[in-house]
Visitor: 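Pasting a structure below so you can have a look.
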Protein chains: 2
Amino acid sequence: MTSKNAPALQELAQDFREALRHSVYLVRRLDADGEPSAAQLSTLKMLLEDGVRVGEIARNLGVRVPSATEQVIKLERAGLARREADPDDSRAVRVVLTAQGRDAVESANRRRNAVMAGILESLTDDDRRALAAALPVIEKINSTLQN
Amino acid sequence: MTSKNAPALQELAQDFREALRHSVYLVRRLDADGEPSAAQLSTLKMLLEDGVRVGEIARNLGVRVPSATEQVIKLERAGLARREADPDDSRAVRVVLTAQGRDAVESANRRRNAVMAGILESLTDDDRRALAAALPVIEKINSTLQN
DNA sequence: CCTAATAGTTAGGTAACCTAAATGCAACCG
DNA sequence: CGGTTGCATTTAGGTTACCTAACTATTAGG
């Protein structure tokens, strides 16, 4: 079976890329008005662990620091997060969720999960098993990002 | 095992969303300068089948018609596609790839596949098998989009 | 100390989406 | 056959989320 591996790798790469390419549009479908955007939710989720620095957010999301700053400012204006001075390093900033921010993450997650669950409902048990088995692999691939 | 299904659905939805959320950043990593963007590649790939209408592109990608128009105009300016009058319906437009456009799709795909293959290389055989098994499922989910 | 590195913000730009409105053609109806 | 209705597309004007370059403030090292 090892002889099948080299060609399969190229094909797998192609198919996986294709699947991700299409998934971008799926993810957009989960957005709703009056709810933090996907990018903001990504930032908010990071903040569930308290006192995160702007640079950490950027690194974790794979974006540049100014993009993270921008998101944090938007969250702050929306009353979902607060910027606090870092006691140890006064160059740094600690971003923390407000209670409202915590609620926003939770309710957005609930709603989005429900929509997704509705979609997954139409799959067969075998399909769901196959999907579940692949998710840790996909996360492993995604963690390649962190460099 | 049916009793395990209802809770598993919520959890699967959550995990799948999480994986896709992270994958957005992975996909961005595959971009390179001097190459059509991911959105443009999506449009170009549709054009591999000749004489596609703007509305079809939009529907297929899950975006609004003006967004498709915009992409087509950009491709045209880049010399990668051409807009032709539809002989049967003069309201409509047929978008076709130029030879240069065809080359651009192919070489961008080759390069992007190679990068992805490099990432997948570090997986175990089992991982790759699990991923391969899930891709048709993911495509099935994505096709939910088409409405 | 002073210089180099680090953390973050500001300024200005681009890509890719959106809605609403305009244009131009087709098709149907009386 | 003329008028209305509807469809395909473009134009105009926004928004969001990214980017690079340049600036400020603070820390740390020689």
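No hydrogens, no waters, no symmetry mates; every other heavy atom, side chains included, goes into these values. Just so we're on the same page: letters track the sequence lines, and every chain starts at 1.
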Visitor: Do Arg102(A) and Asp50(A) sit within salt-bridge range, that is, some charged N less than 4.0 Å from a carboxylate O?
Guide: yes
Visitor: Please pick, from dA16(C), dC17(C), dC19(D), the nucleotide with the shortest atom-to-atom distance to any side-chain atom of Glu70(A).
Guide: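 Output: dC19(D).
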Visitor: Closest-nucleotide mapping onto DNA chain D: is Val52(B) or Arg28(B) further toward the 5' terminus? I mean the 5' end.
Guide: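 Going by which nucleotide is closer to the 5' end, it is Val52(B).
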Visitor: Measure from CZ on Arg77(A) to P on dA17(D) and round the result to the nearest Å.
Guide: 12 Å
Visitor: Tell me the interatomic distance from Arg53(B), atom CZ, to dA26(C), atom P, rounded to whole angstroms.
Guide: 11 Å
Visitor: How would you label the contact of Arg94(A) with the nucleic acid (heavy atoms, under 4.0 Å): base, sugar-phosphate, or nothing?
Guide: nothing
Visitor: Do Glu56(B) and Arg59(B) sit within salt-bridge range, that is, some charged N less than 4.0 Å from a carboxylate O?
Guide: no
Visitor: For dA21(D), does either OP1 or OP2 sit under 4.0 Å from a side-chain N or O belonging to Arg64(A)?
Guide: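 No.
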Visitor: Which nucleotide, dT11(D), dA21(D), dA17(D), lies nearest any side-chain atom of Pro66(A)?
Guide: dA21(D)
Visitor: Round to the nearest Å and state the distance from Leu75(A) atom CG to dT16(D) atom C1'.
Guide: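 Spelled out: CG on Leu75(A) to C1' on dT16(D) is 13 Å.
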Visitor: So, Arg28(B) and Asp31(B), do they make that salt bridge, N to O below 4.0 Å?
Guide: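 Answer for the salt bridge query: no.
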Visitor: Provide, to the nearest angstrom, the distance between the CD1 atom belonging to Ile73(B) and the P atom belonging to dA15(C).
Guide: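 About 14 Å, once rounded to whole Å.
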Visitor: Is Val93(A) touching bases, backbone alone, or none of the nucleic acid, heavy atoms closer than 4.0 Å?
Guide: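 Sugar-phosphate, backbone atoms only, no base.
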Visitor: Let me know the distance between CG of Asp88(B) and P of dC7(D), rounded to the nearest Å.
Guide: 19 Å
Visitor: Please classify the nucleic acid contact of Gln71(A) as base, sugar-phosphate, or nothing, using heavy-atom distances under 4.0 Å.
Guide: sugar-phosphate
Visitor: dT26(D), OP1 or OP2 - any side-chain N/O from Ser90(A) closer than 4.0 Å?
Guide: no
Visitor: Under a single-linkage definition using a 4.5 Å side-chain heavy-atom cutoff for Ile, Leu, Val, Met, Phe, Trp and Tyr, are Leu48(A) and Leu41(A) assigned to the same hydrophobic cluster?
Guide: yes
Visitor: Does Ser37(A) have a side-chain nitrogen or oxygen under 4.0 Å from the phosphate oxygens OP1 or OP2 of dT16(D)?
Guide: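 For dT16(D), OP1/OP2 do not have a side-chain N/O of Ser37(A) under 4.0 Å.
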Visitor: Between dA7(C), dT10(D), dA16(C), which one does the side chain of Ala39(B) approach most closely?
Guide: dA16(C)
Visitor: Calculate the interatomic distance between Leu61(A) atom CG and dA17(D) atom P; express it in whole Å.
Guide: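 Value for this atom pair: 12 Å.
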Visitor: Between atom CG in Leu44(A) and atom C1' in dA17(D), what is the gap in whole Å?
Guide: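 That distance rounds to 15 Å.
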Visitor: Categorize Asp86(A) for me: base, sugar-phosphate, or nothing, with a 4.0 angstrom heavy-atom threshold over every strand shown.
Guide: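 No contact.
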Visitor: With a 4.0 Å cut-off on heavy atoms, is Val65(B) in touch with a base, just the backbone sugar-phosphate, or nothing at all?
Guide: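 Contact class for Val65(B): base.
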Visitor: Under 4.0 Å between a side-chain N or O of Thr69(A) and OP1 or OP2 of dG8(C)?
Guide: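 No.
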Visitor: Same cluster for Val115(B) and Leu9(A) if Ile/Leu/Val/Met/Phe/Trp/Tyr side chains link at under 4.5 Å?
Guide: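 Same hydrophobic cluster.
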Visitor: Taking for each residue the nucleotide of DNA chain D bearing the nearest heavy atom, is the 5' side occupied by Lys74(A) or by Arg91(A)?
Guide: Lys74(A)
Visitor: Could you check whether any side-chain N or O of Thr43(A) sits under 3.5 Å from a backbone N or O of Ala39(A), counting only pairs where one atom can act as donor and the other as acceptor?
Guide: yes
